[in-house]
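Report on one structure; see the data block that follows.
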Number of protein chains: 2
Amino acid sequence: MKQSSICPRFEKAVALLSHRWTALIIYQLLSGPKRFCTIESSIAISGKVLSERLKELEHHGIVKRKVFPETPVRIEYSLTEKGLAFAPVLKEIEEWSQTWMSIEE
Amino acid sequence: MKQSSICPRFEKAVALLSHRWTALIIYQLLSGPKRFCTIESSIAISGKVLSERLKELEHHGIVKRKVFPETPVRIEYSLTEKGLAFAPVLKEIEEWSQTWMSIEE
DNA sequence: AAACTAACTTACATAAAGTAACCAAAGGGG
DNA sequence: CCCCTTTGGTTACTTTATGTAAGTTAGTTT
């Protein structure tokens, strides 16, 4: 019997983080709005997966998408309040990694 | 050009979390040592993936494995100091999820 | 000896992610 | 008008990760 007595909100948050790149995308956006191609070249993600992740994050209300009808079109992705509230999580991961994670291997 | 200017320790920590179940396994072990079958039934993970994750976490020095040569054999998994230090990360995820994550959808 | 238990492992199936090529809209140049 | 460029994608196909179910090993109970 597979029963989970774990809080479903917590499980959902963990599931979100367990998608590759999600945390790094939020991390990149913490320093301000970014364009698709900027995010794409700042982490080793493929365009396909980046567009999937951005849709997913937008759907969860973590990221918002703003279209500037210039030429060529410019689209900026930024964090919502919900996304900004994620900062402490990333800060703790960063602190833990500085103390405990080794570079080798 | 795919360059990452992100700290490799941070990237490694995020990569670890981006493996499904990793965070939930650590979360389960925060409340004390647990056996294989106990973890297996407390989250919806398959035995195969659980044994992979435990090996991975052991390899990273986050989890330790102790064999009790009783009969039938009993094996306990527990967190190392490195694993226990991960608690604040999970606590922040939990807090974020309580405030921002909705149950529906 | 047959059945049971814990902790795995193996073989096979499906889902997620990576790669590379292609597409659409909005100019710009000739 | 036709061809070229740019951004922000999508599509088709391959590889990797995860899921499912059955099998394995070692010792125990019936």
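Since this is a predicted model, take the numbers as computed values, not measurements. Naming: A, B, ... by sequence-line order, numbering from 1 per chain.
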Which nucleotide of DNA chain C is the first, and which the last, in the 5' to 3' direction, to come under 4.0 Å of a heavy atom belonging to chain B?
C/dA6 to C/dA11
Between D/dA21 atom P and B/K48 atom NZ, what is the distance in whole Å?
13 Å
Quick one: list whatever passes side-chain hydrogen bond (donor to acceptor under 3.5 Å, both in side chains) with A/E70, sequence neighbours left out.
A/R74
Starting at atom CD of A/E70, determine the distance to atom P of D/dG8, rounded to an integer number of angstrom.
10 Å
What is the distance, to the nearest angstrom, from the CD atom on A/E52 to the C1' atom on D/dG9?
12 Å
Are A/R9 and B/W100 packed together at the side-chain level, in the sense that at least one heavy-atom pair is separated by less than 4.5 angstrom?
no
Tell me: CZ of A/R20 to C1' of D/dT18, nearest whole Å?
15 Å
Atom CZ of B/R74 and atom C1' of D/dT28: how far apart are they, to the nearest Å?
17 Å
Side-chain heavy atoms of B/K12 within contact of A/S102, under 4.5 Å
yes
Give the rounded distance in Å between these two atoms: CG of A/L54 and C1' of D/dG9.
11 Å
Taking atom C1' of D/dA21 as reference, at what distance in whole Å does atom CD1 of B/I45 sit?
16 Å
Flag, side chain of B/T22 to backbone of B/S18, donor-acceptor distance under 3.5 Å:
no
I want to confirm an ordering. Mapping A/R65 and A/P72 to their closest nucleotides on DNA chain D, which one lands closer to the 5' end?
A/P72
Do the charged groups of A/R53 and A/E56 touch, with an N to O distance under 4.0 Å?
yes
Figure out the NE2/P separation between B/H19 and D/dG19, and round it to whole Å.
12 Å
